[in-house]
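A short write-up of the structure that comes next.
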Protein chains: 2
Amino acid sequence: MSPKKAVSGPSIPGAVWLRPRPPRRGQHGLTRERIAAEVVSQLDQAGPAGLNLRSIAAALDVHPTTLYWHVSARDDLLDLAVDAVFAELPLPSQPSDDWLADVRAFMHNLRAALLTHPWSGALASSRPLLGPEALARSEFVYAALARAGFTGDELAASAAAVSNLVIGSVATETSWQNGDESSARQAVHEHLHANAETYPAMADLSTESGRWGTQFSYSADLLLAGLAQKAPSSASSPGTNSQTPRTT
Amino acid sequence: MSPKKAVSGPSIPGAVWLRPRPPRRGQHGLTRERIAAEVVSQLDQAGPAGLNLRSIAAALDVHPTTLYWHVSARDDLLDLAVDAVFAELPLPSQPSDDWLADVRAFMHNLRAALLTHPWSGALASSRPLLGPEALARSEFVYAALARAGFTGDELAASAAAVSNLVIGSVATETSWQNGDESSARQAVHEHLHANAETYPAMADLSTESGRWGTQFSYSADLLLAGLAQKAPSSASSPGTNSQTPRTT
DNA sequence: ACCTGAACACCGTTCAAGT
DNA sequence: ACCTGAACACCGTTCAAGT
């Protein structure tokens with residue numbers, strides 16, 4: 001049984017972070033951090049479907065059921081792992097004077113971190129991100145957008161748009177990579193081409209890979225252009241009217 | 001064993017659609033459509049975690065393993081279910097003369113359809129959407145954006161941005177609703193407030209629910225503003241903010 | 001072509017017991 | 001406070017056999 005039986009813990013995913021912290025370290029020196037690190041490493045190797053408590057426990061040299069002292073369910077492990085990925089995201093100690101550049105950099109950094117662990121995009125999109133590392137990054141984005149003049153609901157919506165676009169993009173991208181991407185891409189391309197009358201606009205999509213990066217960049221720039229345009233204090237966004245965000 | 005053993009079928013999620021169609025109907029009149037409908041209904045009741053082959057088979061009055069004649073794995077069932085949700089999305093038989101309005105309407109309609117089946121957002125964000133119903137909707141968006149003048153990679157990136165933002169938003173929104181949302185919201189609010197020094201910008205976020213809709217709307221408008229601004233043939237987008245001069 | 005039936009390997013979680 | 005050990009209920013998938 002977990003310690004301090006769920007004082008205020010609602011049963012949503014992400015709820016690990018809302019419960020009181022469990023004891024620091026046991027006889028085996030088992031901590032949430034060590035567990036999280038092992039989960040990340042096994043997810044990297046086997047993906048979410050291949051994750052099981054028994055092998056994690058084995059790697060940590062404890063009995064499988066021991067894990068239940070430190071977390072309350074398998075789902076908690078995924079929350080720990082996702083937050084560990086966010087920890088890899090560089091967090092500028094202080095913001096620059098260009099909020100738009102800060103947001104753009106955040107988007108690209110977030111994508112990079114999530115791509116390093118291909119399972120993380122899908123997980124991040126399907127559970128509240130309430131871990132301390134994730135919250136710290138959110139705070140950074142909120143601060144940048146607040147400098148742009150966004151407040152209240154519009155601030156929240158702007159920040160959500162930024163995260164959702166990035167996380168959604170990475171989730172889509174990595175969902176292709178779970179199998180043999182090039183052959184999948186080829187099969188889809190043939191399928192669209194064979195049904196060119198029903199899908200005229202999509203019929204001649206490029207079959208080349210390696211376009212994920214440029215396409216993401218352009219997607220991000222679309223949103224950034226909208227942010228720059230709608231920012232209440234557009235004076236603080238040097239690039240608004242004169243030059244639209246770069247297309248790298 | 002599944003029929004026509006995987007001629008070109010790559011092992012990604014979404015691959016059901018890339019394999020040759022299985023036989024039409026068996027002795028029990030079992031079809032992919034009937035299976036899909038049952039999966040949707042059980043997902044509505046129990047969510048993805050509660051889905052199991054045995055109860056689906058029972059509801060369809062067949063032996064559990066019979067399902068393997070019609071699909072090749074549990075994962076295929078999820079693909080069928082997601083495409084069935086897309087089928088609920090109204091698809092205008094012909095586009096209007098306002099591409100921006102068409103895209104905006106699509107975004108709101110897609111959100112509405114996905115919210116009807118709270119499990120669908122997370123699934124849609126984590127697998128390629130290659131079903132016929134999903135492709136037909138993609139085609140509609142591509143066509144609208146093509147009218148705006150987007151081509152090639154920029155067309156693909158624009159369409160991806162639209163879907164990814166909507167699907168990502170819904171996935172986030174529904175991930176809160178898997179448990180007791182109001183108490184979760186409350187707990188997070190308290191947590192942020194208790195750590196107001198570390199999260200100054202997020203500290204006084206509204207704790208009210210019912211803001212999902214307005215926030216989504218604003219998020220969508222941010223992207224739409226970017227699309228309008230960057231559209232090569234912006235003449236065809238009547239609703240753009242006239243104050244933003246295009247540079248290129 | 002479509003479905004059955006038995007069987008296998010596995011997995012998350014429980015609970016009482018140890019120290 | 002932390003961990004063990006046994007046990008339970010369940011679940012996706014296989015394969016050979018039926019019609």
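Reminder, nothing fancy here: chain letters follow the sequence lines and each chain counts from 1.
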Examine distances only and state if a side-chain atom of S120(B) and a backbone atom of L114(B) form a donor-acceptor pair shorter than 3.5 Å.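 Yes.
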Given 3.5 Å as the limit, does a donor-acceptor pair link the side chain of D83(B) with the main chain of D79(B), or not?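 Absent.
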Can you tell me if S72(B) and R19(B) form a side-chain donor-acceptor pair at under 3.5 Å?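 A donor-acceptor contact under 3.5 Å links the two side chains.
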Shortest non-hydrogen contact from L115(A) toward V170(A):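 Shortest heavy-atom separation between L115(A) and V170(A) comes out as CD2-CG1, 3.9 Å.
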Going by the angle between their ring planes, with limits at 30° and 60°, are H108(B) and F216(B) parallel, tilted or perpendicular?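 Ring orientation, 0 to 90° scale: perpendicular.
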H193(B) and H189(B) aromatic ring geometry - parallel, tilted or perpendicular at 30°/60° bounds: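 Correct class here is parallel.
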Could you check which residues of residues 54-66 of chain B get a heavy atom under 4.0 Å from DNA chain D? Sort them by number, please.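 R54(B), T65(B) - these, ordered by number, are the residues of the stretch whose heavy atoms sit under 4.0 Å from the strand.
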To the nearest Å, how far apart are [X] [atom1] and [N] [atom2]?
| X | N | atom1 | atom2 | answer |
| --- | --- | --- | --- | --- |
| Y68(B) | dC15(D) | OH | P | 12 Å |
| D75(B) | dC11(D) | CG | P | 17 Å |
| R74(A) | dC10(D) | CZ | P | 19 Å |
| L67(B) | dC3(C) | CG | P | 10 Å |
| L53(B) | dC11(C) | CG | P | 17 Å |
| W69(A) | dC3(D) | CH2 | P | 9 Å |
| Q42(B) | dC11(D) | CD | P | 11 Å |

Is the phosphate of dA1(C), meaning OP1 or OP2, less than 4.0 Å from a side-chain N or O of H70(B)?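 False: H70(B) side-chain N/O out of range (4.0 Å or more) of dA1(C) OP1/OP2.
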Based on Watson-Crick and G-U pairs with both distances under 3.5 Å, what dot-bracket line describes DNA chain D 5' to 3', crossing pairs as [ ] and inter-strand pairs as |? ||.|||||...|||||.||
Evaluate salt bridge (charged side-chain N to carboxylate O under 4.0 Å, His left out) for R34(B) paired with E38(B), printing each intermediate quantity in order. CA-CA 6 Å; R34(B) 283 191 58 219; E38(B) 184 58 36; over 6 Å; no
I would like to know whether L78(A) and L51(A) meet side-chain contact (heavy atoms from CB on, under 4.5 Å); could you show each step before the answer? CA-CA 10 Å; L78(A) 302 179; L51(A) 187 79; 3.8 Å; yes
With a 4.5 Å heavy-atom cut-off, do L135(B) and H191(A) have their side chains touching?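 Counting from C-beta outward, L135(B) and H191(A) do come under 4.5 Å.
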Closest to the N52(A) side chain, choosing from dG12(D), dC11(C), dT13(C):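 Taking heavy atoms from C-beta onward, the closest nucleotide is dC11(C).
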Which part of the nucleic acid, if any, lies within contact of L77(A), taking any heavy atom under 4.0 Å across all strands shown: a base, the sugar-phosphate backbone alone, or nothing?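 Here L77(A) touches no strand at all.
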